[in-house]
Amino acid sequence: MKKDKINVRELVNKYQANCDRISEIADTCEKEQRERNDAEDKEFEALMRENQLLQMKMQAATAEHLRENPNAREDAVKIIRENAAKGQKTEIIFVRDIMTVSDVKSGAVVPLNIQDILKPLQEGFILDKVGLPMPTGLAGDFVWPMYEMVEAQIAGEGVALSDTKIPFSKMTANPERVGIAIPVSNQSLNQSEGVLETIVREVMPLSIRLLLNKILFSTERVNGATNLVGPFVGAADNPVALSEVPTFRELNSGMKAAILETGIDGDHLCWILTKSMAAILEGTPVNKDGVYVPMLQNGILCGLPVYTTNAIRKAVVTYKKKGASAWADHTLADGDTVKGAVTSASALPTNAAAGDIYKIVDVTEYIGLGDWRYQPMGLFGSIRFIVDPYSQARKDCVDFVLNADYGTKTLRPEAFKLGKAGAKSNS
């Protein structure tokens, strides 16, 4: 007797419904500023157990489908293209180790392997750089525990040890939605081989990684963020003062040693530099009067790895327009022509003609250092990916829309330092 096929659509829907209910419980407790009561605890644990079972069933269904349908990826592309041509949405859901591609109206489902999607998202990210995982499939009030150090005791033979209590506290993640929409013309969708794979495996993960980098490394809260905040937000108010080209002593003593002095073990310390600053330090000696050894060599600075991203740089863009006798602030409008760009108002040309518009890009160069064990980040629930042929119909385009919920928390602020490089001279 042949066993019934597992209905992946029902499994995914049930899994998502459980995640929604877990989030409702967490939201209620947060709103009322209390812990879960006994009834909520029992329901929470039951939902988590059921979701673990659903994940195993979905993985089994995926393995079975891929075994029986070796052309599953091509089938998924076919579904997306056919749905777009019919004006129907296609829903792609990433749940733990599987991805499902479904026709929202008919309910057909094609399971695929999710690793091709998550791997590009995690590669090159700061957590990957320092060997830390990014948890996925989190739900509800996911808690990162914190504990203070305790010391062992010395006791003589036959002497009972006194009880030692570990003082625990906890910090709860408050995930927020991040998303991106990319329009693709119907002609490209129908004619180009690999366009879907490029969007799903390369463009979407890269866009999310860029946003997560901005959240973690920016010195200002990213627009729209409430709880999704990195460790350097607010640190720019009182940074470690550095030279225009930071010295080895400033970085090693003023930042690295300062963090280690707080008791942070430093096992996952990593520098955050802009790519231009990294290039400068690669050509700057540790000691100009001694043997020439570059400060940054083979990706290591002061004995610690370096992660490069321009997200830690702060760039403020303004415009000035030359009047009859002086420069005045200007708001760029359609049709305006920008004559040139400078790094500060003091660098504006003295021989500019009346009506000339210049862009001023005022860049503040920061250097970050932190033990990223104390800034965990995780993906909550599933990644929701919709192929929408409606929103851009007038342009004959299909929107690829991705939404996901991420949470992050600074567990120990003393594990991070932000240095500010001195202003560049105009000479």
Side-chain angles (χ1 to χ4, degrees), residues 6-60 93-98 100 127 132-150 162-179 212 215-216 221-222 224-231 233-234 373-384 403-415:
I6 299 175
N7 189 319
V8 179
R9 160 60 69 182
E10 291 180 2
L11 295 176
V12 171
N13 286 346
K14 181 59 178 171
Y15 180 90
Q16 192 59 51
N18 287 351
C19 288
D20 292 342
R21 176 55 188 152
I22 290 171
S23 294
E24 287 177 9
I25 295 173
D27 290 343
T28 299
C29 292
E30 182 183 5
K31 184 178 179 180
E32 298 177 3
Q33 296 184 337
R34 61 173 176 82
E35 299 291 326
R36 288 192 302 265
N37 56 38
D38 291 342
E40 290 167 338
D41 259 337
K42 291 179 181 179
E43 184 181 5
F44 175 83
E45 291 170 2
L47 290 169
M48 294 296 287
R49 284 196 301 270
E50 185 175 19
N51 269 2
Q52 290 177 345
L53 181 61
L54 290 170
Q55 287 170 7
M56 289 188 287
K57 288 184 176 181
M58 285 187 286
Q59 290 166 3
I93 300 177
F94 308 108
V95 182
R96 281 289 185 175
D97 295 328
I98 72 166
T100 62
L127 298 184
L132 291 170
M134 181 191 289
T136 61
L138 303 178
D141 58 343
F142 187 81
V143 172
W144 289 295
M146 301 170 60
Y147 61 91
E148 299 172 16
M149 295 299 294
V150 295
S162 59
D163 292 339
T164 301
K165 294 183 178 180
I166 300 179
F168 274 93
S169 58
K170 65 179 184 178
M171 302 194 79
T172 305
N174 293 295
E176 292 186 274
R177 182 174 70 92
V178 300
L212 298 185
I215 290 167
L216 283 187
R221 192 183 299 264
V222 174
T226 302
N227 302 305
L228 211 53
V229 178
V233 172
R373 169 190 173 191
Y374 299 104
Q375 185 68 38
M377 174 174 278
L379 170 65
F380 284 69
S382 58
I383 299 177
R384 303 166 300 282
N403 286 287
D405 296 306
Y406 281 91
T408 188
K409 200 78 173 180
T410 305
L411 302 185
R412 294 186 65 176
E414 66 271 26

**Student:** Please name all residues satisfying side chain to side chain donor-acceptor pair (under 3.5 Å) with Glu32, sequence neighbours left out, ordered by chain then number.
**Tutor:** Arg34

**Student:** Does some side-chain heavy atom of Thr410 sit less than 4.5 Å from a side-chain heavy atom of Tyr374?
**Tutor:** no

**Student:** Looking at Pro376, is its backbone amide N or carbonyl O close enough to the side chain of Thr408 to form a donor-acceptor pair, meaning the two atoms are under 3.5 Å apart?
**Tutor:** yes

**Student:** Could you measure the distance from the CD atom of Gln375 to the CG atom of Leu216? Nearest 0.5 Å is fine.
**Tutor:** 6.0 Å

**Student:** Measure the spacing between CD1 of Ile25 and CZ of Arg36 and express it to the nearest 0.5 Å.
**Tutor:** 7.5 Å

**Student:** Quick one, Lys14 and Glu50 - any side-chain contact, counting heavy atoms below 4.5 Å?
**Tutor:** yes

**Student:** Is there a side-chain contact between Leu54 and Asn18 (heavy atoms, below 4.5 Å)?
**Tutor:** yes

**Student:** Please evaluate residues Cys29 and Glu35 with respect to the criterion side chain to side chain contact (heavy atoms under 4.5 Å, CB included), reporting the C-alpha separation (whole Å), side-chain torsions for both, the decisive distance (0.1 Å), and the verdict.
**Tutor:** CA-CA 6 Å; Cys29 292; Glu35 299 291 326; over 6 Å; no

**Student:** Using the test side chain to side chain donor-acceptor pair (under 3.5 Å), find all partners of Arg21 that sit at least two apart in sequence or belong to another chain.
**Tutor:** Glu24, Glu43

**Student:** Please name the pair of heavy atoms, one in Arg221 and one in Val229, separated by the smallest distance, quoted to 0.1 Å.
**Tutor:** NH1-CG2, 3.0 Å

**Student:** When rounded to the nearest 0.5 angstrom, what is the spacing between OH in Tyr406 and CG in Leu212?
**Tutor:** 5.5 Å

